> 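This structure is in structure tokens; I'll ask about it shortly.
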Amino acid sequence: MLGEIINKNLNRIEKDLLEIKDLQTIDFLDIFPKSEEHREILDEEISKIAMLLEKTERGNVYALNNPVETKYVKLTYIKIRVRNK
């Protein structure tokens, strides 16, 4: 599930990324869950493949144990955001 979400988000923001002059790498991605339950599932799933770096009131930041190769170099950090209420 997490891999699909990463690819979907990178495809969704590709046009925006192409408009940023001199952008060569992207190593960080925010994931916005659909519900609190979805956030809990994502946090559980990512905890199996990443180390929790920081808990914030806006979400948990993780460093992937094995960064994901993308066309923007290696995706290293993912933040699973907290749903706005």
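This is a predicted model, so every value here is computed, not measured. What you see below is based on every heavy atom in this structure, not just the backbone, and it leaves out hydrogens, waters and symmetry mates.
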> Side chain to side chain contact (heavy atoms under 4.5 Å, CB included) with E37: which residues, sequence neighbours excluded?
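E37 satisfies side chain to side chain contact (heavy atoms under 4.5 Å, CB included) with S35, I41 once adjacent residues are dropped.
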> I'd like to know if I31 and V68 are part of one continuous hydrophobic network [Ile/Leu/Val/Met/Phe/Trp/Tyr, side-chain heavy atoms within less than 4.5 Å].
yes
> Do I49 and I78 sit in one hydrophobic cluster, given that two such residues count as connected whenever their side-chain heavy atoms are within less than 4.5 Å of each other, even indirectly?
yes
> The criterion is side chain to side chain contact (heavy atoms under 4.5 Å, CB included); which residues satisfy it with K55, sequence neighbours excluded?
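Expected list: L52, N60.
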> Quick check: closest heavy atoms across K79 and G59, and the distance to 0.1 Å?
CE-O, 3.9 Å
> Could you give the distance from CG (L75) to CG (N66), rounded to the nearest 0.5 Å?
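One finds 12.5 Å between CG of L75 and CG of N66.
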> Taking C-beta and beyond as the side chain, do L42 and I5 meet within less than 4.5 Å on heavy atoms?
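The answer is yes; the side chains approach within 4.5 Å.
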> With sequence neighbours left out, what residues match L53 under side chain to side chain contact (heavy atoms under 4.5 Å, CB included)?
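Partners of L53 under the side chain to side chain contact (heavy atoms under 4.5 Å, CB included) test: M51, V61, A63, Y77.
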> Give every residue pair that meets the salt bridge (Lys or Arg N to Asp or Glu O under 4.0 Å) criterion with at least one member in residues 38-50, sequence neighbours excluded.
E36-R39, R39-D43
> For D30, enumerate each residue passing the salt bridge (charged side-chain N to carboxylate O under 4.0 Å, His left out) test, keeping only those at least two apart in sequence or located in another chain.
R81
> Is atom CD of E19 surrounded by more than 12 heavy atoms (other residues, nucleotides or ligands) closer than 6.0 Å?
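Result for CD/E19: enclosed.
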> In the single-linkage hydrophobic clustering (I, L, V, M, F, W, Y; side-chain heavy atoms under 4.5 Å), do L10 and F28 co-cluster?
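No, it is not one cluster - the side chains of L10 and F28 are not joined through contacts under 4.5 Å.
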> Indicate, with yes or no, if L64 and Y62 share a hydrophobic cluster defined by side-chain heavy-atom contacts under 4.5 Å among Ile, Leu, Val, Met, Phe, Trp and Tyr.
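Yes, one cluster joins them.
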> Go through the structure and list residues passing side chain to side chain contact (heavy atoms under 4.5 Å, CB included) with S47, not counting sequence neighbours.
none
> Could you tell me which residues satisfy side-chain hydrogen bond (donor to acceptor under 3.5 Å, both in side chains) with N9, sequence neighbours excluded, listed by chain and number?
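R12.
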